[in-house]
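Excluded from the calculations below are hydrogen atoms, water molecules and symmetry mates; all remaining heavy atoms, backbone and side chain alike, are included. These figures come from a predicted structure and were not determined experimentally.
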Amino acid sequence: MGGGLLVAGTTSDAGKSVVTAGICRWLVRRGVKVAPFKAQNMSLNSFVTREGAEIGRAQAMQAQAARVEPTALMNPVLLKPGSDRSSQVVLMGKPVGEMSARGYHGGRQEALLGTVTDCLEQLRSSYDAVICEGAGSPAEINLRRTDIVNMGIARAAKFPVLVVGDIDRGGVFASFFGTTALLSAEDQSLVAGYLVNKFRGDVSLLEPGLDMLYGLTGRRTYGVLPFTHGLGIDEEDGLRVSLRGAVRESVVAPPHGEEVLRVAVCAVPLMSNFTDVDALAAEPGVVVRFVDRADELADADLVVVPGTRGTVKALAWLRERGLADALVRRAAEGRPVLGICGGFQVLGERIEDEVESRAGVVDGLGLLPVRVRFDRAKTLARPVGSALGEPVEGYEIHHGVADVRGGEPFLDGCRVGAVWGTHWHGSLESDGFRRRFLVEVARAAGRRFVPAPDTSFGVLREEQLDRLGDLVEEHADTDALWRLIEGGAPGGLPFVPPGAPPAVPGAAESRGAAPDPAPQAPEGLDFAGSAASRGEGLEIAGSAGLGQEAEHHVDQEAK
């Protein structure tokens with residue numbers, strides 16, 4: 001049985017995803033067969049595996065870091081928010097229904113523990129090591145009883161826990177100490193130590209604090225990773241940008257031609273798979289920005305309407321902000337617009353939705369001769385085709401079924417003038433197609449922009465993953481990390497008071513109380529053909545009557 005490690009965080013967006021990827025890349029480079037795992041993910045940024053399963057895109061990126069094919073085993077539970085109070089539950093890569101936050105954390109989550117632990121055990125039987133990613137913080141004491149992604153999975157697998165803290169936010173010592181001190185005695189026994197992320201400056205100035213932290217907790221710090229630009233790849237739930245900010249922290253390379261090309265991405269509500277535009281941002285001379293005002297479209301050479309889990313809501317938002325009128329004017333002037341997935345649906349003539357928003361028939365922007373009807377079954381596919389004379393690969397994740405009634409064929413959608421629409425995510429990662437598309441955009445926009453002939457998005461992605469591996473190898477105690485992965489948490493780690501407060505009066509898991517047994521998989525929830533893997537017996541609501549609970553808490557990685 002392979003060893004493992006859980007990478008937890010003091011906060012959301014502390015760096016768990018990239019640290020997990022970095023550890024995977026470091027391990028595979030030293031000849032270790034390694035796989036990533038995240039029991040439960042909340043994200044609108046998802047991916048389709050070759051087996052046709054939907055998982056978090058961060059886990060797909062981590063699988064690439066580990067140089068293995070991503071599978072549903074690596075992310076058995078995916079929650080896709082549809083509002084502030086409800087999410088679609090994707091189990092073993094397939095949607096099984098919608099559930100309110102209270103309903104999920106009120107007991108249904110616990111029923112999935114057997115499924116996620118079984119998936120983890122299958123990975124452990126096939127790999128030398130499994131690097132797990134937690135969610136949010138393990139010290140969310142209001143959710144500990146039903147936790148299946150942080151200490152719940154660590155205790156079930158007896159994995160050591162490495163807690164990552166983002167020092168760039170400030171307060172990292174208090175966060176490390178407080179995270180540990182809010183855990184029960186048994187949970188604390190698995191917290192092996194800490195990893196500081198995004199440090200700027202002279203590490204020697206930090207060392208006295210690390211020594212004092214060791215004195216307070218009896219736990220060492222396994223590394224201090226420096227702040228490094230351009231490593232925010234495939235985040236789960238939030239943009240690593242503010243609105244009107246450039247994509248990620250990328251530095252725009254000088255243009256290959258005479259002029260740059262400006263791309264504006266409409267930051268629609270419930271935006272999904274915003275990573276579609278990363279390949280554009282990777283091109284020298286292409287400047288990509290997220291926008292939320294109509295006047296910000298004025299100097300854009302290309303406007304992208306991205307995917308969304310709320311197509312009708314996004315359409316209303318575009319109209320309320322004047323962006324819809326600006327898009328219509330652009331189309332009339334022959335200025336380029338690209339709609340992807342939900343954005344493609346928005347550009348059509350009509351949307352019939354009794355599934356996602358249950359709004360019935362809604363008029364689209366009418367820029368493409370397309371009518372969309374939402375089906376309860378979700379399309380999950382990995383299509384391959386061609387466009388503009390170049391091969392294209394992509395992936396599809398949508399409930400909307402498009403009836404294309406005219407225009408020039410474009411992937412599975414169509415083109416009318418300078419307006420393009422497709423359901424295919426990831427198509428812009430196909431280098432030849434992306435270059436031909438940008439030539440078309442530049443011609444329609446009247447820009448003297450020429451795509452660089454040798455930009456390879458795949459190569460750039462590999463370079464980023466290698467940089468993550470380098471950070472771990474150069475700035476973490478890798479020998480000590482390997483001992484954790486292979487042998488588990490060190491024995492004799494001290495208890496840090498006060499410990500977890502009681503969840504209910506008289507609960508055993510309280511301030512220094514004797515630890516309760518590790519969670520056990522519920523009976524009848526075996527992985528193969530189980531009730532949990534089929535989504536049966538979990539009382540997950542259908543699409544009617546969603547969001548009726550008044551109380552809400554979502555452990556969202558970055559809201």
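Atom CZ in Phe177 sits 14.5 Å away from atom OG1 in Thr10 (nearest 0.5 Å). To the nearest 0.5 Å, atoms CE (Met61) and CZ (Arg461) are separated by 7.0 Å. In this structure, CD in Gln40 is found 8.0 Å from CG in Leu112, a value given to the nearest 0.5 Å. Between atom CG of residue Leu190 and atom OG of residue Ser184 there is a gap of 9.0 Å, rounded to the nearest 0.5 Å. For the atom pair CG of Leu481 and CD of Glu486, the computed distance is 12.5 Å after rounding to the nearest 0.5 Å. Ile148 CD1 to Ile153 CD1: the interatomic distance, rounded to the nearest 0.5 Å, is 7.5 Å.
Between Leu5 and Pro160 there is a side-chain heavy-atom pair separated by less than 4.5 Å. Using a 4.5 Å cut-off on side-chain heavy atoms (C-beta onward), Leu206 and Ile167 make contact. In this structure, the side chains of Phe290 and Val265 come closer than 4.5 Å at one or more pairs of heavy atoms. Ile131 is not listed as a side-chain neighbour of Gln62, based on a closest heavy-atom distance of 4.5 Å or more. Side-chain contact between Phe159 and Leu484: absent, with no pair of heavy atoms (C-beta onward) separated by less than 4.5 Å. Two residues are said to be in side-chain contact when any heavy atoms from C-beta on lie closer than 4.5 Å; Leu79 and Val89 meet this criterion. Using a 4.5 Å cut-off on side-chain heavy atoms (C-beta onward), Tyr194 and Thr179 make no contact. Looking at Glu133 and Ser17, their side chains come closer than 4.5 Å, going by heavy atoms from C-beta outward.
Across Ala480 and Tyr222, no two heavy atoms sit closer than the pair CB-CE2, 3.6 Å. Closest approach of Leu195 to Ala476, counting heavy atoms only: CD1-CB, 4.4 Å. Listed here is the closest heavy atom pair of Val48 and Arg382: O-NH1, 2.9 Å. Of all the heavy atoms in Gly134 and Leu6, the pair that sits closest is N-CD1, 3.7 Å. Closest approach of Arg219 to Pro494, counting heavy atoms only: NH1-O, 2.9 Å.
Side-chain atoms of Asp276 never come within 3.5 Å of backbone atoms of Leu428 as a donor-acceptor pair (strictly under, hydrogens ignored). A distance-only check finds no donor-acceptor pair linking the side chain of Asp477 to the backbone of Gly223 [under 3.5 Å]. No donor-acceptor pair closer than 3.5 Å links the side chain of Arg309 to the backbone N or O of Leu44. Side-chain N or O atoms of Asn75 include one that pairs as donor or acceptor with a backbone N or O of Val77 at under 3.5 Å. Formation of a donor-acceptor pair under 3.5 Å by the Arg144 side chain with backbone atoms of Pro138 is not found in this model. Between the side chain of Lys94 and the backbone N or O of Gly52 there is at least one donor-acceptor pair closer than 3.5 Å. Of the possible donor and acceptor atoms, none in the side chain of Asn273 sits under 3.5 Å from a partner among the backbone N and O of Thr275. Between the side chain of Ser126 and the backbone N or O of Leu123, no donor-acceptor pair lies under 3.5 Å.
In this structure, a donor-acceptor pair under 3.5 Å is present between the side chains of Lys378 and Gln88. Side chains of Asp202 and Ser204: a donor on one and an acceptor on the other come within 3.5 Å. No side-chain donor from either of Arg467 and Thr228 sits under 3.5 Å from a side-chain acceptor of the other. Counted by atom type alone, Glu69 and Thr49 present zero donor-acceptor pairs between their side chains at under 3.5 Å.
The pair Lys33-Asp128 fails the salt-bridge criterion, with no side-chain N (NZ, NE, NH1 or NH2) lying under 4.0 Å from an Asp/Glu carboxylate O.
For the side chain to side chain donor-acceptor pair (under 3.5 Å) with Asn41, the qualifying choice from Arg57, Gln59, Lys80 is Gln59, the only one to do so.
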Exercise. Should Gln188 and Thr180 be marked as a side-chain hydrogen bond (donor to acceptor under 3.5 Å, both in side chains) after you check the CA-CA gap, both sets of side-chain angles, and the distance that decides it?
Worked result: CA-CA 6 Å; Gln188 286 192 27; Thr180 309; over 6 Å; no
Tell me which donor-acceptor pairs under 3.5 Å the side chains of residues 18-31 have, and how far apart each pair is, sequence neighbours excluded?
from, atom 1, to, atom 2, distance (Å)
Thr20, OG1, Lys16, O, 2.8
Arg25, NE, Ala65, O, 2.8
Arg25, NH1, Glu462, OE1, 3.2
Arg25, NH1, Asp466, OD1, 2.9
Arg25, NH2, Gln64, O, 3.2
Arg25, NH2, Glu462, OE1, 3.2
Arg25, NH2, Glu462, OE2, 3.4
Arg29, NH1, Asp466, O, 3.4
Arg29, NH1, Asp466, OD1, 3.2
Arg29, NH1, Asp470, OD1, 3.2
Arg29, NH2, Gly469, O, 3.4
Arg29, NH2, Asp470, OD1, 2.9
Arg29, NH2, Glu473, OE1, 3.1

